[in-house]
Amino acid sequence: MERKDVGILAMDIYFPPTCVQQEALEAHDGASKGKYTIGLGQDCMAFCSEVEDVISMSLTVVTSLLKKYKIDPKLIGRLEVGSETVIDKSKSIKTWLMQIFEESGNTDIEGVDSSNACYGGTAALLNCVNWVESNSWDGRYGLVVCTDSAVYAEGPARPTGGAAAIAMLIGPNAPISFESKYRASHMAHVYDFYKPDLASEYPVVDGKLSQTCYLMALDSCYRQFSNKYEKLTGKQFSISDAEYFVFHSPYNKLVQKSFARLYYNDFLRNCSSVDDDAKAKLQPFSNLTGDESYQSRDLEKASQQVAKNLYDIKVQPSTLLPKQIGNMYTASLYAALASVLFNKHDSLVGQRIVMFSYGSGLTSTMFSLRLNNGEGPFSLSNIASVLDVTEKLQSRHEALPEKFVETLKLMEHRYGAKDFETSKETSLLPPGTFYLTKVDSMYRRFYEQKPADETIFSKVKCCNGVANGH
Ligand code: ACO
């Protein structure tokens with residue numbers, strides 16, 4: 001079977017239509033003006049109302065992708081989900097999504113959920129790509145779903161929340177293909193962000209440590225990625241060798257620092273990507289130890305300043321959705337990729353995108369994508385049009401910070417609870433969106449779909465096998 005250019009054939013994103021402006025949240029929280037907007041670099045934050053969760057969002061995004069790209073559910077042979085939002089310690093989110101495929105008689109679908117903080121989506125994606133490239137491939141598509149609701153306890157981490165689900169169809173002859181030889185990982189044991197309290201949706205976070213761990217993992221992946229590239233091509237790798245760099249984005253300031261860090265790495269390796277003026281500005285930092293370099297505010301400032309022009313060209317196009325939605329955990333990196341596709345789809349053919357995935361705990365991988373023309377529905381321009389980012393952002397409802405806080409309070413109460421019904425309030429949800437209606441005395445969750453104009457999957461069974469009404 002032909003297996004050239006294995007990668008992402010199609011993509012769709014769903015994020016809740018409810019959001020809170022960071023400027024308003026700043027004032028509400030009593031933070032100094034500019035702390036969330038300039039300090040963290042965030043504009044707005046999406047959050048799930050009481051009728052949405054990671055399961056409803058993933059049901060929504062998968063049905064939407066299959067419908068918009070006209071994919072017969074029987075053609076899916078592997079389905080992998082990445083998520084760190086625990087709803088059930090045993091039953092995978094993937095099994096929820098099987099309802100969509102059972103309807104068409106397709107139960108022959110490998111894959112379950114992957115979880116390690118924000119990295120689970122990348123694990124799911126690599127599993128699918130590896131499957132298509134392997135001897136086990138049966139010629140059908142892989143489907144990857146990244147779905148998370150990022151919520152934090154009251155305090156400095158709360159403005160770095162967000163929520164979204166992304167679906168990606170995987171197969172050969174893809175417009176977004178993997179350069180599978182160029183891939184490097186850094187994995188280690190740390191307690192930077194983790195969720196040991198199973199009664200709470202909130203993580204335990206050592207914010208400062210998580211920032212340093214992220215940058216250390218980035219350095220390590222970049223070094224090994226460059227070494228592998230050099231071994232295979234005989235040429236040095238630098239930031240000049242990719243048109244775009246896409247980072248996992250907990251908040252935009254860390255993305256700015258990350259690109260500056262790659263620039264500093266290029267400087268230390270004497271790469272031609274660093275011009276003479278920048279060399280002079282970074283020279284005072286050439287002998288810092290690794291630890292000193294993570295602590296140096298002066299280096300941070302100098303490297304961000306010399307990297308600024310290249311940041312605007314190579315990184316800024318990826319920041320649209322992460323700045324508007326916030327951290328989407330597993331979906332964050334792929335929402336950043338979607339932003340590049342949306343902003344630059346006309347000029348991407350032949351170009352390279354380097355991706356950096358980070359999940360606390362910690363797991364991280366840097367990998368490379370090559371953009372091709374694609375065919376029919378799987379073209380870059382069609383993907384951009386399906387993503388429909390501007391319309392989705394513009395039609396959102398801005399909630400007051402008080403409403404956001406009130407919703408989180410209610411969700412704290414409901415997390416792990418049974419025997420309740422939701423308000424079933426769906427006026428803000430777009431047609432075709434799935435929503436939670438109740439959790440029964442056996443903790444079984446029930447969802448319905450807001451009628452879509454011409455949905456082909458309007459009858460999805462709930463957990464006890466009874467079809468939902470419309
Ligand atoms: N105007 C402009 N900038 C300001 C202002 C202001 N009024 N006030 C503060 N700032 C700047 C600070 O100087 C700082 O910038 P810097 O990083 O360039 O120094 C930035 O705003 C943040 O301020 P801090 O005081 O450092 O913020 P705080 O410690 O309160 O919280 C943090 C930030 C640690 C990121 C917190 O939000 C958090 O813990 N988030 C969750 C953890 C996280 O996302 N980690 C990232 C990797 S792991 C993951 O993906 C989950």
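First listed ligand is number 1; within each ligand, the first listed atom is number 1. Owing to the predicted nature of the structure, the values given are computational and were not obtained by experimental measurement. Just so you know, these numbers use all the heavy atoms, side chains as well, and skip hydrogens, waters and symmetry mates.
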Which residue and non-hydrogen atom of the protein lie closest to [atom], and at what distance in Å?
| atom | answer |
| --- | --- |
| atom 2 (C) of ligand 1 | Gly34 O, 3.5 Å |
| atom 31 (O) of ligand 1 | Pro156 CB, 3.7 Å |
| atom 34 (C) of ligand 1 | Gly207 CA, 3.7 Å |
| atom 26 (O) of ligand 1 | Lys208 NZ, 2.6 Å |
| atom 21 (O) of ligand 1 | Gly39 CA, 3.0 Å |
| atom 15 (O) of ligand 1 | Lys253 NZ, 3.2 Å |
| atom 16 (P) of ligand 1 | Lys257 NZ, 3.4 Å |
| atom 43 (C) of ligand 1 | Ser210 OG, 3.7 Å |

For ligand 1, note which part of [X] has a heavy atom under 4.0 Å away: side chain, backbone, both or neither.
| X | value |
| --- | --- |
| His248 | side chain |
| Ser360 | side chain |
| Ser32 | both |

Salt bridge or not between [X] and [Y]? Use side-chain N to carboxylate O under 4.0 Å.
| X | Y | answer |
| --- | --- | --- |
| Glu80 | Arg78 | yes |
| Glu300 | Lys257 | yes |
| Arg444 | Asp88 | no |

Is there a side-chain contact between Lys403 and Glu406, using heavy atoms and a 4.5 Å cut-off?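 SC-SC contact between Lys403 and Glu406 confirmed.
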Within the structure provided, determine whether Pro17 and Glu52 are in side-chain contact (heavy-atom separation under 4.5 Å).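 The answer is yes, as the side chains (C-beta and beyond) meet within the 4.5 Å cut-off.
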Return a table of donor-acceptor pairs under 3.5 angstrom between the side chains of residues 22-31 and protein atoms on other chains or two or more places apart.
unit_1, atom_1, unit_2, atom_2, d
Gln22, NE2, Pro159, O, 2.9
Glu23, OE2, Lys33, NZ, 3.2
Glu26, OE1, Gly34, N, 3.0
Glu26, OE2, Gly34, N, 3.3
Glu26, OE2, Lys35, N, 3.2
Glu26, OE2, Tyr36, N, 2.8
Glu26, OE2, Thr37, N, 3.1
Glu26, OE2, Thr37, OG1, 3.3
Asp29, OD2, Tyr36, OH, 2.8

Let me confirm one number: the SG-CD distance from Cys213 to Gln211, rounded to the nearest 0.5 Å.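 Answer rounded to 0.5 Å: 10.0 Å.
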Quick check on contacts: which atoms of ligand 1 are under 4.0 angstrom from a heavy atom of Tyr152?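 That gives atoms 41 (C), 51 (C) of ligand 1.
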Option with minimal heavy-atom separation from [atom], where the choices are [options]:
| atom | options | answer |
| --- | --- | --- |
| atom 33 (C) of ligand 1 | Asp206, Leu40, Asn327, Ile38 | Leu40 |
| atom 32 (C) of ligand 1 | Gln211, Gln42, Gln256, Lys35 | Gln211 |
| atom 49 (C) of ligand 1 | Pro250, Cys213, Gly359 | Pro250 |

Whether the side chain of Ser177 engages the backbone of Val6 through a donor-acceptor N/O pair (distance < 3.5 Å, no angle test) should be reported.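 No, because the side chain of Ser177 does not come within donor-acceptor range (under 3.5 Å) of the backbone of Val6.
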Main chain of Leu362, side chain of Ser360: is a donor-acceptor contact present, judged purely on distance under 3.5 Å?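 Between the backbone of Leu362 and the side chain of Ser360 there is no qualifying donor-acceptor contact (under 3.5 Å).
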Would one find an N or O of Tyr329, backbone or side chain, under 3.5 Å from an N or O of ligand 1?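 No - when backbone and side-chain N and O of Tyr329 are compared with those of ligand 1, no distance drops under 3.5 Å.
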Taking only non-hydrogen atoms of Arg158, do any sit less than 4.0 angstrom from ligand 1?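 Contact check Arg158 vs ligand 1: negative.
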Partners passing side chain to side chain donor-acceptor pair (under 3.5 Å) against Thr85 (at least two apart in sequence or in another chain):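 Only Asp148 meet the side chain to side chain donor-acceptor pair (under 3.5 Å) criterion with Thr85.
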Tyr334 vs Thr122, side-chain hydrogen bond (donor to acceptor under 3.5 Å, both in side chains): CA-CA, chis, key distance, verdict: CA-CA 9 Å; Tyr334 301 99; Thr122 298; 2.7 Å; yes
Does some non-hydrogen atom of the protein lie less than 4.0 angstrom from atom 12 (C) of ligand 1?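 For atom 12 (C) of ligand 1 the answer is no, since every protein heavy atom stays at 4.0 Å or beyond.
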